[in-house]
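The structure appears below as structure tokens.
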2 protein chains.
Amino acid sequence: MSPKITTELLKQLRQVMKSPKYVQEPVQAYIVPSGDAHQSEYIAPCDCRRAFISGFDGSAGTAIVTEQHAAMWTDGRYFLQAAHQMDNNWTLMKMGLKDTPTQEDWLVSVLPEGSKVGVDPFIIPADQWKRMSKALRSAGHDLVPVKENLIDTIWTDCPQRPCKPLITLDLSYTGVSWRDKIVALRSKMAERKVLWFVVTALDEVAWLFNLRGSDVEYNPVFFAYAVIGMNTIRLFIDGDRMMDPAVREHLELDSTLEPEFKIQVMPYGSILSELQAVGAGLSPKEKVWLSDKASYALTEAIPKAYRYLTPYTPICIAKAVKNASETEGMRRAHIKDAVALCELFNWLEKEVPKGTVTEIIAADKAEEFRSQQKDFVELSFATISSTGPNGAIIHYKPVPETNRTLSVNEIYLLDSGAQYRDGTTDVTRTMHFGTPSAYEKECFTYVLKGHIAVSAAIFPNGTKGHLLDSFARSALWDCGLDYLHGTGHGVGSFLNVHEGPCGISYKTFADEPLEAGMIVSDEPGYYEDGSFGIRIENVVLVVPAETKYNFKNRGSLTFEPLTLVPIQTKMIDVNLLTQKECNWVNDYHQKCREVIGAELERQGRHEALRWLIQETEPLIRVQ
Amino acid sequence: MSPKITTELLKQLRQVMKSPKYVQEPVQAYIVPSGDAHQSEYIAPCDCRRAFISGFDGSAGTAIVTEQHAAMWTDGRYFLQAAHQMDNNWTLMKMGLKDTPTQEDWLVSVLPEGSKVGVDPFIIPADQWKRMSKALRSAGHDLVPVKENLIDTIWTDCPQRPCKPLITLDLSYTGVSWRDKIVALRSKMAERKVLWFVVTALDEVAWLFNLRGSDVEYNPVFFAYAVIGMNTIRLFIDGDRMMDPAVREHLELDSTLEPEFKIQVMPYGSILSELQAVGAGLSPKEKVWLSDKASYALTEAIPKAYRYLTPYTPICIAKAVKNASETEGMRRAHIKDAVALCELFNWLEKEVPKGTVTEIIAADKAEEFRSQQKDFVELSFATISSTGPNGAIIHYKPVPETNRTLSVNEIYLLDSGAQYRDGTTDVTRTMHFGTPSAYEKECFTYVLKGHIAVSAAIFPNGTKGHLLDSFARSALWDCGLDYLHGTGHGVGSFLNVHEGPCGISYKTFADEPLEAGMIVSDEPGYYEDGSFGIRIENVVLVVPAETKYNFKNRGSLTFEPLTLVPIQTKMIDVNLLTQKECNWVNDYHQKCREVIGAELERQGRHEALRWLIQETEPLIRVQ
């Protein structure tokens, strides 16, 4: 990896920062955040502005350029990568280290008095704007919105914003029509006494209209906004996608609908002016509901007194609770995904000893097997295929420079998933193709104990996921071990593999309570720098639990694994398991055998079936 | 309990709310919070203004009086009591119920446009003021500070503010001199670049100067403030307490000290004007450090740009980590406390079957035995002595109207503690003096499993207590049971029995990480309304844990019980315990036998010793 030479680009950027063509007044600093206008986790190439200006293309980072300096803030996952990808015009600001200044403090320390700091108001979320603006103002500077994105003005070969065809999902996939979703949304709006709701997150637009797209890799979403009134629906979307007869029929664009379900299609770029018009027409006590993470530009379009901001939107919350059709779809998707992985692991067992399988080859093979399954669309994230020391890099993705050959001497960690038309998968298995050491087995078994502790946990209705995080760590903690990431995230239904508002992590307190129908991952791990990584991940469905008693009639919940892929028993030190844990593994493997075995049989995949049978032999614990 | 008749009082209050003698402009509503000027949990009789105006004397509640209405907000613990104690001038606002308006919303709904809402600025914490003021302003009203407390103007027989003699604590108790505490505080101030620190919490003043008082029942504190500069120390305190030669010597008031350790003693009431003078003399970048829970009055004395507010003060954090002298004192206090409880339980075993012991008698007897111990000062909170259904009332305190006789047919729950000169105790034991039912034993055993899960937990340095809360609930959750309170609170060293900044609760996320030397309670429970209550509480010390491995060299922590009182084995269903849990109980009882047995022997308390031996017989688990 050689760094990107940015001297000329920075010179150009510093010119436009002073050019009256783009800024009302010169800005002494310009902030380039990671995100897009929808606060997406994954972004399209045209939105990779921070990578363009700096060369650093990790998933998280904020660049700030002043007359004299160019600085990049990123976290521990990316210190090495950022240092490699950036030339020496850039200073790396290592977030999480004690001596690293915040962006605000750094700006205050380097800027001349009374400076203006510019940022694209569409890219910065309103809550971040507020924090930064306050800090700068108290030091005598101003955060100012720069309408035209200054990176775009110098990015001559900027890729086009994608505008790919849409997929319509019928009731058999979604369980609820978009009209019924609008009705439910309006009833939530009425409850909160708001007249308008602005849909800004891409997965929320897709979910609301039962549409999918492919504008962003791994995420089946499309660039659009929506503004829902009590009697109007406005969809802001570009291109000729609305000319597709299937889409027109799906959205009933040509029917004589009741007016409150008539969708007005408008250009993507007109959202701001339309919203400003909405804002200008409000009477006292009329409110507009937005996510508090919506962009500063859209939030400002509504006068402050009329804004109703919440951390989670009603769509985000409704979307998280999967209905019967979605749950069945997720089950089907996970069965197909397990078939692909049984094929893969059977293949790896044969091929790895030959010394010809690299991390990239294994990842490609996983994709190949998945793509053979019905309704496969694409991967749900970049496959983490890592062996030996690479496994200890939590967000590793093999590239030619790091690509390592799998062997019978190293642990192999595969974290992968796919988008199927009926559901989204995300599964991690850690395998050894030779003989694991006692220490490797010991660590694996602690991780497994944590995985089981979460998966088998019974907890009251209304419990927030973060209260379960320590269950996943307890066995590791007992031996002085731990892992430095959360235990689980929400998973979409043929949507984003990471979604809110629920999860299992020590880091958050603002998650919404778990309820039956929510789907999260359960993925504790253990990582030894320079040696190996272990992670065991299932996607699990929140289901009601039967309990002996029922305190205050609250009812209880537990998890049902949707992922049905064998957990390598060779890696388990069975004597470290309790009888209950041992039973859990055996029951789980029995279910894998029954459900995935039947599907392998049906698909005529006899070799993989033999592998499954062998891998799901019951554990026997010596008392 | 007959309600207090408040018609006349409310009439008088409404008059002073309009009287130019007390208010610049008439106020249309007046808020009477629970607290005192130091945001104390326990308050002196002269500060019980809300109880005076309403009759309701529970520990939590806020009264608001308008021209037309009088309303009281309190939580589920006090719905019944408040309803009994208040006459029908008052409307009870049941907090936590869905339809109950917030104070702000209620005010907005009942006030005429452009109203003024008054409150004593010394009683309302700054963070509450901010929230309420914002909500009222956005509805066109104003929250205004009313200097003179309006309740005090009509409270003709208001008790005097207590001004009791002080106790000086020497190094053998405190481990660190007040001068060294000042030095450490100033170094924290220098780190944060603040020039002044304002000590507003009573226990922080007491801790800083190694003084104790008895102005507030159960809490060995005294009314005072302190303002610490880099070269000055100002102590705001009333009465002739500073004439006591022991105090003068302790504070070196008559010595020729280095000027930076010279304490200026000033009248308690002069804090505001002195602080205003400090505020007026500040140059840019000079900051004053206050708790964000300090009163609005004191916070406002410092211009906003000069304030440095934190949720926990450096004193609060330093105070929580007990040094070797404090820890040893706490150990001694807990040994004496255990002696008293062995005496009590031995006495109860003999007396309860006679049918003559009431809850009040048992509580008094507990106090009697405690008062026989060396350095006993007072109780650390009102004894919860509760049998049968009273045990299910979590904050129960026996009064003649509710006083129940202990019997061999009901569970007895005793939650009690004391202040000794060397430490503070807080212990709960749940006993049956006859034959418990299988169900009672089952519930008790789940609570015990939760207690052990926390007490024996091993966790990394830097872990916050709230991450351990679910360990205490897991066994209950498995059977559909739970309890509706936190699991533990910080405990002071001959100071408040409840102190921050650490604790074990699902409710908070803002607790400071646990570190070796901190002391918390571990007190899971189970309560069945109308039947019984179970709680098992030890005070435990955070200590380093030895572990097999040491991830990232972080080190691990665990708990060591300071409380050494037998847990009634008769209540345990030993078959519900794992072997590890069974061993924990046996090890714990072995330690009780050794440590408390030796002390009982030393004190010649042979009957109690026999009781202890019998109660600490090892459990045997049938495999």
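The model shown is predicted, which means the values in this text are computed figures rather than measured ones.
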For the candidates B:T578, B:L476, B:L484, B:T463, which exhibits the highest count of non-hydrogen atom pairs separated by less than 4.5 Å from chain A? B:L484
Verify, without hydrogens or angle tests, whether A:N461 (side chain) and A:R554 (backbone) share a donor-acceptor contact under 3.5 angstrom. yes
Taken in chain and number order and not counting sequence neighbours, the residues that satisfy ring-ring contact (aromatic ring centres under 6.0 Å, His included) with B:F444 are none
Flag the one option from A:L468, A:T547, A:D529 with the top tally of heavy-atom pairs under 4.5 Å to chain B. A:T547
Winner by heavy-atom pair count (cut-off under 4.5 Å) against chain A, out of B:A457, B:S556, B:P460, B:G555: B:P460
Quick one, B:D573 and B:N575 - any side-chain contact, counting heavy atoms below 4.5 Å? yes
Considering only heavy atoms and a distance below 4.5 Å, find which of B:W477, B:Y526, B:F459 pairs most often with chain A. B:W477
Going by the rule ring-ring contact (aromatic ring centres under 6.0 Å, His included), which residues pair with A:Y483 if we only count those two or more places apart in sequence or in a different chain? A:H485
Below 4.5 Å from any heavy atom of chain B, which atoms of A:Y439 appear? Answer side chain, backbone, both or neither. side chain
Assert top hit (heavy-atom pairs under 4.5 Å, partner chain B, pool A:E546, A:H466, A:K548, A:E528) equals A:K548
Selection from A:N550, A:D478, A:T558 maximising heavy-atom pairs under 4.5 Å formed with chain B: A:D478
Heavy atoms of A:E104 and A:A135 approach each other most closely as CG-CB, 3.5 Å
Geometric cation-pi criterion B:K94 and B:F79, 6.0 Å radius, 45° cone: yes
Quick check against the 3.5 Å criterion: does B:K449 have a side-chain atom that pairs as donor or acceptor with the backbone of B:L576? yes
Is A:R473 close to chain B through its backbone or its side chain, or both, or neither, when contacts mean heavy atoms under 4.5 Å? neither
Will you find, in the side chains of A:D469 and A:T487, an N or O donor that is under 3.5 Å from an N or O acceptor? yes
Using heavy-atom distances under 4.5 Å, tell me whether B:K464 contacts chain A through its side chain, its backbone, both, or neither. neither
Would you say that A:P524 contacts A:Y446 through its side chain, given a criterion of any heavy-atom pair below 4.5 Å between the two side chains? no
If you check every heavy atom in residues 500-507 of chain A against those of chain B, which residues fall under 4.5 Å? A:Y506, A:K507
Toward chain B, the part of A:F471 with a non-hydrogen atom under 4.5 Å: both
Examine whether an atom of A:K580 lies under 4.5 Å from a heavy atom of chain B, and if so say whether it belongs to the side chain, the backbone or both; otherwise answer neither. side chain
Hey, are the side chains of A:V288 and A:R307 touching, using non-hydrogen atoms and a 4.5 Å cut-off? no
Among all residues two or more places apart in sequence or in another chain, which pass the side chain to side chain donor-acceptor pair (under 3.5 Å) test with B:D127? none
